[in-house]
Structure formats: C-alpha cells, structure tokens
Amino acid sequence: MDFDLSEEQRLLKESIDGLLTDSYDFDARKKYQKEKGGWSKAVWGKLAEQGLLGLPFAEADGGFGAGAVETMIVMEALGRALVLEPYLATVVIGGGFLRHGGSAEQKAAHIPGIIDGSKTFAFAQLEKNSRYDLGDVATSAKKKGAGWVIDGEKFVVLNGENADTLIVTVRTKGGRRDRSGIGVFIVPANAKGVTRKGYPTQDGLHAADITFTGVEVGADAVIGDPENGLPLIERVVDEARTAMCAEAVGAMDESLKATVEYLKTRKQFGVPIGSFQTLQHRAADMFVALEQARSMSMFATMAADFDSAKERATAVAAAKVQIGKSGKFIGQQSIQLHGGIGMTQEAKIGHYFKRLTMIENTFGDTDYHLRRVTDAGGLV
C-alpha cells in the first residue's frame, strides 16, 4: 500500500492545519463551548468556505468527490485541535447516508445545505439496552396512507440538541433484534412530536435524548428500502468508526507532543524531568502506541476500497481495537506524566483523554470489536 499523500492531499492537510492553527487554540475552544449548541457557527462557516464540508460528496452533487483518505486527513486535524463542530455527525454520518442510500431528490434537498454550512445532521440510533447492536431497534415506524408515523426514544444523539435534521433508525416490521425490518428515515428536528433534551458530554461536545411521539413523515423520508436498511447503517457506521480512528490519532499525536514538551520544561531537583531515563522510556512507549494506532487507522482507511463488505468491517473492527488500546495507554500516561495539573480543567491534556475515552466507547468499545475480529477469524 502507498501511504504517501498526493500533492492535492498534502495541500488539503496544509489548508486544514492552517485554518485550525489560526482559529482554534485552547482558549478559543473554551469560548466556543459557551455558544449555543456548544460549538462555533463562525468556525463552521470557515470550514464551509474552504470546501471541507463538501469533500466526500460527488461533483454532480456539488462536492469534490474526495475519498476516505481525505476524510482521514481532515479528521486527524480535527482531533489535534479538539474541534467541537459537528463534522462527524453531519458530513461523515449524515452525508454518508445520503451518498450511499439517498435518492436523487433527497440528495438535492439536503447535500447543498451541508456543503454551504446551513444544515447540520444528527444520527438518532442508540436505544435503551441496545448497547452496540445496530440491529437492536424498537423505535417503530408504521404506515399511514402514503407516509409513516414514528414512535420511540433515542439516547445520546451526538449533535442532537442543535441539528436541523435527524437520521433515525426505525423498525418497520419484525421483532426488536431482527436484522430485517429496519428502516432509515430523514426527520426534520422541528417536526411535530419531536422532543429533545440536550446536555453536554464529558468531552465537551453536546448530545440529546430524543422522543418521537406520533411523528408523521412522508414517503420521501425513507432512505432506501424501509425493510432492509441495516446493511446501509452498518456501512455508514463503519465509515464513522474509521473517521473516529483518524480523529483519535490526531488527539494522541497532540497528547504525545504536549507531554514531551512538558517533560522538557518541568524541572525537579534542578533538572528537567525529561532527563530521567524512566520517563524517557514512558515517552518512547507512548510513541510506539501512537504509531501502532496510526498504522491501523491507515489500514481501516484503505479498507474502504476492499471489495468484500466482511473484510472492510473486520479491518475497521481491528483498527478500533488498536485505537482503543493506544488511546487508553497514551491518555493515562499523559495524565500521569503531567502530574496533578493534568487532572485540572485548565490543562488541555485532560481534555484529550476525555475525547479519546468517548471515541473508544462510541459505536463499540475495544472488547466489542475484539469479539468482531475474533468471530471473523482475524487476529489482533
């Protein structure tokens, strides 16, 4: 595999790195957290101006036709800066459902708004006791004339508090854990019967618990086959997992840099603590863990081109396992090497660990994905 960036990809990396360096230091991030919804509309507008919100969409839909590698580049940069804006929820997940399953009419209705920054999405999937099972869906959608009526509850919906549009998984037939009978619907967040309870999550982002009570939508709300939507859900979620792996690599990279810099400047017994061999070994182990995570993130990214859906899923699961292990190790070592200051809200290093912890537990934790790899006959 060729892991070298093309000239266009290198320019993309320089562009996003430059933008975030200019507008996203830690103090600015704290200000953005206080804005409505917990993120900056001005920064979102800048991402749109640079074309970053339109990267994965086809040129025919107004995008740039970029692939998984470009998404990896952007997500790594967002991870390094601890960006709060809903790129994952809107562009990767919401856009993913439209790209892979949306009709021409649905694409025309929603993709231009994503690209220009006027529309944001949230993926309402998690339910009580469903854990990481994407096929565990109790929220129902029942036919009413040509349309549908949705009833149920969804929890910890990322960007659910502030999104304009919801992508909702529903059961149109069968039992709660049946793989068939699952549909994907586009629901306006302000539709009658939608109730949202928003709250901040531990990593500084915002989520919401959402209740659907007799929410009526038209036939045009359905993405793809209303009774066979699980393969589409699995594909988009695996793309989201891959994107989060890249984000985690960015966060780990910055955690290591900050920790090494701290070891060079913090003095004890009259010398920098980085001169102590034991702490040098700790930093070296962190570097190894980072490079292992980076390699697996690249592998998952390259797996987007695999012909076999099973092989793609297994590659993503293996990457998520390594990301979980490396993120936990690097996060814990970063906190310990910073000492007491690493536990404070004022220190940026602790916020990286919080985000890494949330990534590890989103769409399947390390143990869950280790079982996926084992069941598929792979090795980690």
Side-chain angles (χ1 to χ4, degrees), residues 16 19 23 32 35-66 70-71 74-75 78 83-125 150 154 156-170 183-196 198 205-208 210 212 215-224 229 232-233 236-237 239-240 243:
I16 181 68
L19 170 62
S23 59
Y32 301 152
E35 295 189 24
K36 183 180 178 181
W39 52 272
S40 170
K41 308 304 181 292
V43 171
W44 191 246
K46 291 179 181 179
L47 294 175
E49 288 173 6
Q50 290 205 2
L52 298 172
L53 304 186
L55 274 180
F57 300 107
E59 293 182 16
D61 297 319
F64 293 90
E70 286 75 17
T71 298
V74 172
M75 291 301 296
L78 300 184
V83 166
L84 301 164
E85 284 64 37
Y87 194 92
L88 176 71
T90 299
V91 179
V92 177
I93 300 179
F97 277 106
L98 292 169
R99 288 188 297 110
H100 296 306
S103 64
E105 292 77 15
Q106 289 168 336
K107 292 178 180 179
H110 298 286
I111 290 178
I114 294 177
I115 293 174
D116 67 19
S118 64
K119 186 184 288 266
T120 62
F121 277 71
F123 180 38
Q125 172 264 323
I150 300 174
K154 300 290 186 177
V156 199
V157 179
L158 183 63
N159 195 45
E161 178 182 9
N162 205 48
D164 310 296
T165 309
L166 308 174
I167 302 288
V168 188
T169 59
V170 299
V184 182
F185 283 59
I186 301 174
V187 180
N190 61 357
K192 183 179 180 181
V194 175
T195 304
R196 299 187 282 182
L205 303 183
H206 279 242
I210 304 179
F212 300 87
V215 179
E216 297 188 14
V217 295
D220 59 349
V222 182
I223 298 179
L232 172 62
I233 296 168
V236 173
V237 169
E239 290 183 356

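Rounded to the nearest 0.5 Å, atoms CD1 (Ile114) and CZ (Arg99) are 10.0 Å apart. For the atom pair OG1 of Thr90 and CG of Leu158, the computed distance is 8.5 Å after rounding to the nearest 0.5 Å. We find the NZ-CD1 distance between Lys154 and Ile167 to be 12.0 Å, quoted to the nearest 0.5 Å. Rounding to the nearest 0.5 angstrom, the gap separating the CD1 atom in Ile111 from the CG atom in Leu98 is 5.0 Å. Rounding to the nearest 0.5 angstrom, the gap separating the OG1 atom in Thr71 from the CG atom in Leu55 is 6.5 Å. Note that CD1 of Ile16 is 5.5 Å distant from CG of Leu47, once rounded to the nearest 0.5 Å.
The nearest pair of heavy atoms linking Ala189 to Ala163 is CB-O, 3.2 Å. Residue Leu53 comes nearest to Ile115 through the heavy atom pair CB-O, 3.8 Å, listed as atom of the first residue, atom of the second, then distance. Scanning all heavy atoms of the two residues, the minimum distance from Gly229 to Val184 falls at O-CG2, 4.2 Å. Considering every non-hydrogen atom in both Gly117 and Ala48, the closest pair reads N-CB, 4.1 Å. The two residues Ala243 and Leu88 make their nearest non-hydrogen contact at CB-CD1, 4.1 Å.
Side-chain atoms of Asp116 come within 3.5 Å of backbone atoms of Ser118 as a donor-acceptor pair (strictly under, hydrogens ignored). Checking side-chain atoms of Trp44 against main-chain N and O of Glu85 turns up no donor-acceptor pair under 3.5 Å. The closest donor-acceptor contact from the side chain of Tyr32 to the backbone of Val43 lies at 3.5 Å or more, if one exists at all. Without hydrogens or angle criteria, Asp220 side chain to Gln106 main chain gives no donor-acceptor distance under 3.5 Å.
The cationic atom of Lys41 (NZ for Lys, CZ for Arg) lies less than 6.0 Å from the six-membered ring centre of Trp39 and within 45° of the ring axis.
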(Q) Set out, in order, the CA-CA distance, both residues' side-chain angles and the distance that settles side chain to side chain contact (heavy atoms under 4.5 Å, CB included) for Phe64 and Glu70, then state yes or no. (A) CA-CA 10 Å; Phe64 293 90; Glu70 286 75 17; over 6 Å; no
Q: Begin with the C-alpha distance, continue with both residues' side-chain angles, and end with the deciding distance and a verdict on side chain to side chain contact (heavy atoms under 4.5 Å, CB included) for Val187 and Val215.
A: CA-CA 9 Å; Val187 180; Val215 179; 4.0 Å; yes
Q | From CA spacing to verdict: side chain to side chain contact (heavy atoms under 4.5 Å, CB included), Phe123, Val236 | A | CA-CA 11 Å; Phe123 180 38; Val236 173; over 6 Å; no
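Not counting sequence neighbours, Arg196 has no partner by the salt bridge (Lys or Arg N to Asp or Glu O under 4.0 Å) test. Residues passing the side-chain hydrogen bond (donor to acceptor under 3.5 Å, both in side chains) test with Glu216, sequence neighbours excluded: Lys144.
Phe212 has its side chain within reach of Val194: a pair of non-hydrogen atoms, C-beta onward, lies under 4.5 Å apart. Counting only heavy atoms from C-beta outward, the side chains of Asn162 and His206 never approach each other to under 4.5 Å. For the pair Leu232 and Phe97, the minimum side-chain heavy-atom distance is below 4.5 Å.
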